[in-house]
**Q** 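Pasting in a structure now, in structure tokens, and then I'll have a few things to ask.
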Amino acid sequence: MANMNMIQALNSALDVMLERDPNVLIFGEDVGYFGGVFRVTDKLQEKHGITRCFDAPISEGGIISTAIGMGAYGLRPVAEIQFADYILPAYDQLVSEAARLRYRSGGEFWAPITVRSPYGGGIFGGQTHSQSPEAIFAHITGIKTVIPSNPYDAKGLLISSIESDDPIVFLEPKRIYNGPFDGHHDRQIKSWANEPSADVPEGHYTVPLGKAATVREGHDVTVLAYGAMVHVAKAGIEESGIDAELLDLRSIVPLDIDAIVASVKKTGRCVILHEASRYGGFGGELSALVQERCFYHLKSPIGRVAGWDTPYPHAFEWDYFPGPARLAKALRQAMQN
Amino acid sequence: MANMNMIQALNSALDVMLERDPNVLIFGEDVGYFGGVFRVTDKLQEKHGITRCFDAPISEGGIISTAIGMGAYGLRPVAEIQFADYILPAYDQLVSEAARLRYRSGGEFWAPITVRSPYGGGIFGGQTHSQSPEAIFAHITGIKTVIPSNPYDAKGLLISSIESDDPIVFLEPKRIYNGPFDGHHDRQIKSWANEPSADVPEGHYTVPLGKAATVREGHDVTVLAYGAMVHVAKAGIEESGIDAELLDLRSIVPLDIDAIVASVKKTGRCVILHEASRYGGFGGELSALVQERCFYHLKSPIGRVAGWDTPYPHAFEWDYFPGPARLAKALRQAMQN
Amino acid sequence: MTNSKPLHLHVPAPAARPGDEPSFKHLVVPKAGETRRPDVAAPEEEMRDLPYKLVRVLDDAGNAVGPWNPNLSPDVLRQGLRAMLLTRVFDERLFRVHRQGKTSFYMKSTGEEAIGAAQSLALSAGDMCFPTYRVMSWLMAREYPLIDMVNQIFSNERDPLKGRQLPILFSARDYGFYSLSGNVGSRFGHAVGWAMASAYKGDDKIALGYIGEGTTAEGDFHEALTFASVYKAPVILCVTNNQWAISSYSGIAGGEATTFAAKALAYGLPGLRVDGNDFLAVWAATQWAAERARNNLGATLIEFFTYRAAGHSTSDDPTKYRPADEAEHWPLGDPLARLKEHLISAGEWDEDRHQALTDELTEKVKAAVKEAEAVGTLGKSKPSVREMFEGVFSEPDWRVIEQRREMGI
Amino acid sequence: MTNSKPLHLHVPAPAARPGDEPSFKHLVVPKAGETRRPDVAAPEEEMRDLPYKLVRVLDDAGNAVGPWNPNLSPDVLRQGLRAMLLTRVFDERLFRVHRQGKTSFYMKSTGEEAIGAAQSLALSAGDMCFPTYRVMSWLMAREYPLIDMVNQIFSNERDPLKGRQLPILFSARDYGFYSLSGNVGSRFGHAVGWAMASAYKGDDKIALGYIGEGTTAEGDFHEALTFASVYKAPVILCVTNNQWAISSYSGIAGGEATTFAAKALAYGLPGLRVDGNDFLAVWAATQWAAERARNNLGATLIEFFTYRAAGHSTSDDPTKYRPADEAEHWPLGDPLARLKEHLISAGEWDEDRHQALTDELTEKVKAAVKEAEAVGTLGKSKPSVREMFEGVFSEPDWRVIEQRREMGI
Ligand SMILES: Cc1ncc(C[n+]2csc(CCOP(=O)(O)OP(=O)(O)O)c2C)c(N)n1
Ligand SMILES: Cc1ncc(C[n+]2csc(CCOP(=O)(O)OP(=O)(O)O)c2C)c(N)n1
Ligand SMILES: [Mg+2]
Ligand SMILES: [Mg+2]
């Protein structure tokens with residue numbers, strides 16, 4: 001057991017898997033000698049050799065395409081896309097190829113690839129270093145989308161992802177790499193050091209895909225969140241003074257529908273929180289599912305708190321970011337009705 | 001006024017715009033001499049000259065990228081993507097560039113481009129000639145998504161799209177190019193000839209973006225649909241015997257939220273119908289919006305009828321396709337509760 | 001500098017359209033045997049002339065000449081001939097079967113049969129090709145069961161792809177044939193990744209990727225070549241330049257400006273331009289490139305210069321966009337006729353044996369179609385609808401389980 | 001053929017890493033004046049040697065020599081020097097300003113200032129460049145107001161881009177400078193489309209696109225060049241090969257196998273390889289390519305061979321991945337020093353005037369920073385939050401109207 005921040009936990013997951021499985025290899029822009037712009041692959045090339053962890057051309061489509069070919073051969077490549085905003089040039093490869101290979105080939109070929117990518121805002125990265133693209137993957141049949149919210153889960157989910165025989169988009173909320181940021185950008189920065197979830201086993205372990213975590217039990221309203229928003233939700237719930245139950249979804253495909261339904265049936269209220277802009281975001285799907293399955297238990301409208309329907313704006317980061325105050329307001333609204 | 005099928009109506013819109021505005025030009029794969037694989041650009045090269053309507057390399061990214069540059073110069077290019085399944089290689093250009101150019105440049109540059117593309121199933125096209133990708137555009141701030149359901153609208157909406165200063169994805173439901181297919185694949189094929197909406201003015205007219213059409217008035221439940229599904233909805237409603245109100249959304253961005261809310265408040269029930277697979281589809285957003293705005297008017301859960309959460313399967317086209325029987329069942333369900 | 005002259009936009013157009021005389025006058029066709037064959041280990045800078053030449057072995061009289069002559073045994077040549085002929089016969093029959101409404105779609109590879117056939121035979125069983133829809137002769141050469149092909153084309157109960165895929169978009173792992181899809185181009189880079197994986201593992205398998213000349217315009221093409229070059233992947237990347245991409249001629253893909261083999265120069269790779277209608281030239285070029293790959297010398301780009309003699313697919317009528325008799329004017333002839341002539345002139349074949357083979361293969365195809373028809377044609381038979389819900393992931397999740405239940409199956 | 005030898009995966013690595021001696025021994029640097037200058041209308045096949053040469057005008061003694069000498073007037077040279085110096089001074093200052101926490105991000109173009117400066121001056125006012133973040137000297141040469149730059153960098157109330165964009169991702173339409181974005185590569189094809197539009201209209205404007213050598217691996221690069229070639233677009237496409245892409249050296253982008261100029265050959269376009277640290281060579285190559293474009297002869301690809309002397313951005317420390325003193329060993333020197341030396345040796349400049357100019361520009365930059373600081377630095381001042389909701393579409397729709405209301409603004 002060691003105390004790890006999220007970067008260290010992810011690095012440890014990769015290290016463990018490189019050690020255990022010769023079919024695991026890592027590539028992506030700047031991941032080799034340099035160890036990645038966020039240091040997630042730090043020292044892995046040095047330790048495991050240049051063919052196990054190496055730099056790729058600036059070509060996201062090429063990276064995913066190459067990874068799929070490797071996966072079809074029998075490897076388990078882990079590809080890094082430097083920022084999730086830059087996954088888009090590889091979208092066709094992910095959707096038309098990775099997601100569909102097993103199905104269309106009648107099971108002859110498949111692509112057990114893991115595509116890691118830092119995503120989300122809160123670092124003054126401007127429009128193209130801040131976006132949250134999970135909705136455009138959640139809609140795609142054949143791809144799983146995993147989003148950890150703390151070091152322990154990050155390592156366990158990443159190992160599960162690498163070991164999975166399905167293609168996985170693994171989105172890392174970059175704002176919480178170094179600490180559990182709760183949306184209060186004007187307060188002292190917290191580190192992971194004192195969080196229980198920063199106690200991470202050094203060896204191999206897994207956190208299963210498709211199982212939500214109940215971060216906080218409560219009676220009055222269910223909050224659904226994932227990634228950095230789990231911490232924002234905690235703060236928002238606290239500030240609202242409302243006894244909310246908080247679920248960390250951990251993966252949005254597969255989704256832990258049973259946990260969601262059980263919680264909303266218990267509380268009778270639901271608020272969904274995500275960073276991505278609202279319209280057409282994954283919150284719509286969650287809202288629809290909850291409504292379909294819990295209609296007769298609902299005491300008030302399901303709320304959605306999300307980024308505004310604008311591109312991610314540099315100077316207005318904190319106006320755009322769905323922080324705790326916005327969640328608290330939605331919780332109060334949910335309780336009023 | 002002439003009797004036109006949807007292909008002729010679209011062709012007429014392009015013809016009218018080429019005639020009226022020297023800044024309009026058309027390009028795409030096989031659209032030039034050949035007139036397009038679905039004949040939508042038939043004779044336009046011959047009539048208007050090779051630089052007004054020409055073939056492009058097989059490079060969807062290049063097509064959209066080129067169109068954006070032309071748009072920034074001041075032209076109004078209309079690009080055809082041969083099948084909507086093949087828009088994906090251009091997804092980054094549409095999202096990161098076309099959709100964001102005006103915003104990020106503080107209004108200095110913008111991309112008044114129209115991207116036409118046949119979409120949807122029902123023609124035994126298999127996985128990659130059948131998909132409905134509207135949800136991955138609806139989520140993108142800065143792009144409009146327009147989907148006509150009949151010849152009159154097709155022409156009027158396409159002219160509005162070309163004249164718009166915003167980038168537009170214009171999805172053409174290919175199954176109804178030649179007739180108003182209602183999902184009964186085992187019945188005699190209908191042509192547009194006898195439909196009122198096939199009476200199309202030969203000259204210039206517009207149908208505004210963002211205005212839904214009430215296809216059928218009703219009291220008991222609201223059905224939301226677009227594209228080919230409007231006709232399936234008509235059939236499904238008829239077969240259910242339920243007095244449903246049917247809205248043809250015509251564009252999903254901008255969305256006619258007022259019409260939707262007014263109708264659901266009136267009927268107290270809602271069923272959403274689309275061809276795309278359900279999970280993460282645009283139906284989720286519609287369901288969430290309706291629920292948020294009409295919660296206290298809802299008498300039963302909002303239903304969603306959609307493609308299954310599988311890739312589009314060749315042999316199982318009619319098992320996959322959300323036909324009238326599936327809608328009728330959902331309507332009855334909505335009424336039971 | 002003043003900007004004064006008005007600019008104008010250039011849009012390439014082919015030499016002939018319907019109603020015009022077919023014209024291939026602009027083509028320079030070098031003599032067979034003329035192009036030199038460098039050592040596989042020669043440095044790239046000594047091979048920069050090759051993309052502008054044409055590797056040809058069979059001369060106009062049907063003789064195999066020059067440094068690229070692979071000196072194949074008559075048995076191997078007959079094997080190739082058989083694969084090509086089988087492809088042609090199969091195409092003819094299945095095209096008609098489509099006309100009869102028994103399936104939704106079909107595509108022929110008429111005029112291009114030498115490519116897949118020679119490469120399939122020239123490479124090893126463990127190697128993998130990443131096909132386009134126009135190299136079915138690869139499968140024919142490796143004796144993939146015809147019945148499986150026809151069942152797939154009918155999407156019937158015995159379809160090996162379980163009804164999920166458009167006709168002819170085969171997958172045949174054991175035959176070194178990677179899963180096809182409707183999207184053109186998007187598997188070209190998989191060939192490179194697969195080859196890199198073999199190198200990474202220290203294995204000895206190499207990969208071969210195909211792409212149409214029209215599709216070289218996709219970003220996928222460039223990305224695949226970039227990775228192949230950077231990591232010296234043991235892969236052979238082939239452009240089948242059949243002059244047409246549905247209705248647009250090769251000039252719309254850049255063929256007006258240079259050869260497709262010249263694209264190799266962008267990546268510091270050797271680029272061969274090869275007569276694709278010459279079974280022996282295809283073989284020799286493949287062998288040369290394979291030797292490079294197997295010796296850790298990296299990737300090779302090959303342009304196969306050929307002609308799509310039939311329509312693009314069952315969905316188009318080629319006489320609408322090119323002269324109806326253009327195919328007959330193609331200066332490099334028919335690959336099947338040329339190989340046949342070569343074998344005959346070598347005394348290893350004759351018209352009678354050819355007729356007998358044609359009859360045999362026609363019967364084989366007929367029998368396969370009949371057998372598949374007995375199972376059922378499109379819409380008359382299909383795999384269990386359960387198959388629609390299987391294979392989305394390695395294990396089904398609650399969504400497909402629920403939805404299957406909703407359908408009552 | 002038997003598959004016997006084990007394969008192995010090749011991963012390129014640079015000649016030197018931190019702790020190693022910097023090494024540029026592998027570089028062949030031809031003498032200034034050595035490379036021939038073909039007629040702009042020469043057929044492409046006669047220019048296929050150019051991508052492997054290096055266009056250089058300034059020799060080691062600072063003299064302008066050879067056929068590419070553009071024979072510029074001293075006034076123009078001083079204008080160029082000024083733009084380059086201003087860029088350098090601005091970079092130094094704003095980099096420090098970032099260290100002080102006054103903005104979120106900054107990027108320098110140290111060592112590459114000749115490129116944007118010469119091209120900006122060589123082209124016409126109506127032409128448009130499609131920049132990368134490393135050609136700010138284009139704006140400096142056209143005297144874009146420094147205050148607007150700093151306000152943008154601070155995202156303050158007067159930011160011309162209304163707070164929406166990351167620092168230095170400028171847009172300056174009136175200065176022939178297209179909107180930048182964080183994504184690399186995705187505007188390269190816009191240059192081609194813009195140029196095609198000019199040709200379509202019969203106008204006389206041409207476009208210039210920039211891309212980093214690392215970014216040439218993107219599909220966008222290939223697609224842009226394909227369209228430029230097919231439609232003979234009046235565009236100049238430039239690869240700034242500064243040897244590094246964040247931490248990865250040019251070999252990871254294909255530079256181990258060939259030159260970036262050689263990528264032109266794939267498209268049948270002329271490819272020039274040019275000393276990017278030589279103001280005169282940059283100018284001459286640009287002029288040559290512009291003449292081609294203006295005469296409907298089509299596109300040109302130019303590789304500017306240069307060196308990124310500073311870190312990639314404020315987010316990285318280059319000594320972590322390359323020798324700390326590598327820049328000092330760059331064999332093509334510093335572009336600013338070389339132009340200065342040329343002017344001095346021509347008797348058109350001296351150290352005193354240089355010092356005076358440096359002082360003047362330093363003051364100008366200081367003043368602009370001060371003025372912008374008075375408006376406010378990042379987080380201390382910003383445009384009205386309404387601006388967040390504007391400009392998503394040409395007209396706001398109900399969503400942003402409602403959301404603005406929800407925020408109470
Ligand atoms: C990504 C994508 N874009 C467009 C199409 C439509 N399409 C199918 S085949 C084809 C032409 C391909 O031409 P070429 O690459 O020359 O191959 P050929 O058919 O000549 O063998 C086109 C445009 C497609 N299938 N996929
Ligand atoms: C599409 C995309 N992928 C990755 C990145 C991250 N990134 C920013 S700059 C850069 C390196 C670019 O190198 P190069 O093209 O050589 O340009 P240079 O910085 O050297 O001028 C990378 C990988 C990005 N901004 N956009
Ligand atoms: Mg072709
Ligand atoms: Mg660089």
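We name chains A, B, ... by the order of the sequence lines, and we start the count at 1 in each one.
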**Q** Are Phe393(C) and Val253(A) close enough that some pair of their side-chain heavy atoms sits under 4.5 Å apart?
**A**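 Phe393(C) vs Val253(A): side chains touch.
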**Q** Is the shortest side-chain heavy-atom distance between Pro57(A) and Tyr231(C) below 4.5 Å?
**A**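 Side chain of Pro57(A) against side chain of Tyr231(C), heavy atoms only: contact under 4.5 Å found.
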**Q** With no hydrogens and no angle check, do the side chains of Arg100(A) and Ser181(C) hold a donor and an acceptor under 3.5 Å apart?
**A**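 Side-chain D/A pair, Arg100(A) to Ser181(C): absent.
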**Q** Using non-hydrogen atoms and a 4.5 Å limit, figure out which bit of Ile63(A) sits close to chain C: side chain, backbone, both or neither.
**A**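 It is both, since atoms from each part get that close.
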**Q** Less than 4.5 Å apart, side chain to side chain, heavy atoms only: is that true for Asp92(A) and Ser186(C)?
**A**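 The answer is yes; the side chains approach within 4.5 Å.
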**Q** Using a cut-off of under 4.5 Å on heavy-atom pairs, state which of Thr141(A), Asp165(A), Leu101(A) scores highest against chain C.
**A**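 Going by pairs under 4.5 Å, I would pick Leu101(A).
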**Q** Regarding Lys144(A) and Glu395(C), does a basic nitrogen lie under 4.0 Å from an acidic carboxylate oxygen?
**A**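 The answer is no: the pair does not qualify as a salt bridge.
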**Q** Rounded to the nearest 0.5 Å, how far apart are CG of Asp397(C) and CD1 of Ile257(A)?
**A**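 Atom-to-atom, Asp397(C):CG and Ile257(A):CD1 are 10.5 Å apart.
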**Q** May I ask you to name which of Ala72(A), Ser164(A), Pro112(A), Ala111(A) has the most heavy-atom pairs under 4.5 Å with chain C?
**A**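 The residue among Ala72(A), Ser164(A), Pro112(A), Ala111(A) with the greatest pair count is Ala72(A).
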**Q** For Arg102(A) and Gly391(C), indicate whether the former's side chain and the latter's backbone hold a donor-acceptor pair under 3.5 Å.
**A**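 The answer is no, because no donor-acceptor pair under 3.5 Å joins these two groups.
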**Q** Among Met196(C), Arg164(C), Glu387(C), Arg187(C), which has the most heavy-atom pairs under 4.5 Å with chain A?
**A**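 Of Met196(C), Arg164(C), Glu387(C), Arg187(C), Arg164(C) has the most heavy-atom pairs under 4.5 Å with chain A.
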**Q** Hey, is the main chain of Ser105(A) close enough, under 3.5 Å, to the side chain of Gln165(C) for a donor-acceptor pair?
**A**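 Side chain of Gln165(C) to backbone of Ser105(A), a donor-acceptor pair under 3.5 Å: no, none is there.
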**Q** OG of Ser65(A) to CD of Glu223(C): how many Å apart, nearest 0.5 Å?
**A**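 Nearest 0.5 Å value for the OG-CD distance: 7.5 Å.
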**Q** Return yes if a side-chain donor-acceptor contact under 3.5 Å exists between Glu97(A) and Asn183(C), otherwise no.
**A**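 Note: Glu97(A) and Asn183(C) side chains miss the donor-acceptor criterion.
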**Q** Considering only heavy atoms from C-beta outward, does the side chain of Tyr200(C) approach that of Arg52(A) to under 4.5 Å?
**A**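 SC-SC contact between Tyr200(C) and Arg52(A) confirmed.
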**Q** Counting only heavy atoms not in Glu292(A), do more than 12 sit closer than 6.0 Å to its CD atom?
**A**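 Yes - once you tally the heavy atoms of other residues, nucleotides and ligands closer than 6.0 Å, there are more than 12.
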**Q** Just how far is it from atom CZ of Arg104(A) to atom OG of Ser171(C), taken to the nearest 0.5 Å?
**A**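 OG of Ser171(C) is found 8.0 Å from CZ of Arg104(A).
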**Q** At a 4.5 Å cut-off on heavy atoms, which part of Leu180(C) comes close to chain A: side chain, backbone, both, or neither?
**A**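 Interface part for Leu180(C): backbone (N, CA, C, O).
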**Q** With distance as the sole test, does Arg173(C) use its side chain to make a donor-acceptor pair with the main-chain N or O of Glu108(A) at under 3.5 Å?
**A**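 Yes: the side chain of Arg173(C) pairs with the backbone of Glu108(A).
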**Q** At a 4.5 Å cut-off on heavy atoms, which part of Asp220(C) comes close to chain A: side chain, backbone, both, or neither?
**A**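 The answer is the side chain of Asp220(C).
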**Q** Once rounded to the nearest 0.5 Å, what's the spacing between atom CH2 of Trp398(C) and atom CG of Asp258(A)?
**A**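 CG of Asp258(A) is found 9.0 Å from CH2 of Trp398(C).
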**Q** For the backbone of Ser394(C) and the side chain of Asp166(A), can you confirm whether one donor and one acceptor N or O come within less than 3.5 Å of each other?
**A**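 Yes: the side chain of Asp166(A) pairs with the backbone of Ser394(C).
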**Q** Let's go through Arg293(A) and Glu402(C) carefully: what are the C-alpha distance in whole Å and the side-chain angles of both, what is the deciding distance for salt bridge (charged side-chain N to carboxylate O under 4.0 Å, His left out) to 0.1 Å, and is it a yes or a no?
**A** CA-CA 13 Å; Arg293(A) 285 153 203 255; Glu402(C) 279 190 12; 2.8 Å; yes
**Q** Check each atom of Leu289(A) against the heavy atoms of chain C and say whether the ones under 4.5 Å are side chain, backbone, both or neither.
**A**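 Contact with chain C is through the side chain of Leu289(A) alone.
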**Q** Is a donor on one side and an acceptor on the other found under 3.5 Å between the side chain of Tyr103(A) and the backbone of Met388(C)?
**A**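 It does hold such a pair.
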**Q** Do other residues, nucleotides or ligands put more than 12 heavy atoms under 6.0 Å from the NZ atom of Lys266(A)?
**A**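 Yes, NZ of Lys266(A) has more than 12 neighbouring heavy atoms, counting only those of other groups under 6.0 Å.
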**Q** Picking from Ala199(C), Pro160(C), Ala172(C), Ala195(C), which has the most non-hydrogen pairs under 4.5 angstrom with chain A?
**A**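 Among Ala199(C), Pro160(C), Ala172(C), Ala195(C), the one with the most close pairs to chain A is Ala172(C).
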**Q** Can you say whether Phe177(C) sits under 4.5 Å from chain A via the side chain, the backbone, both, or neither, judging by heavy atoms?
**A**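 Contact with chain A involves the backbone of Phe177(C) alone.
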**Q** Is atom CD of Glu406(C) surrounded by more than 12 heavy atoms (other residues, nucleotides or ligands) closer than 6.0 Å?
**A**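 Atom CD in Glu406(C) is crowded, with more than 12 foreign heavy atoms closer than 6.0 Å.
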**Q** Measure Leu75(A) against the heavy atoms of chain C and call it side chain, backbone, both or neither at under 4.5 Å.
**A**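 Contact with chain C involves the side chain of Leu75(A) alone.
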**Q** Answer yes or no: is there a donor N or O on one side and an acceptor on the other, between the side chain of Trp194(C) and the main chain of Gly71(A), under 3.5 Å?
**A**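 Such a contact is absent between Trp194(C) side chain and Gly71(A) backbone.
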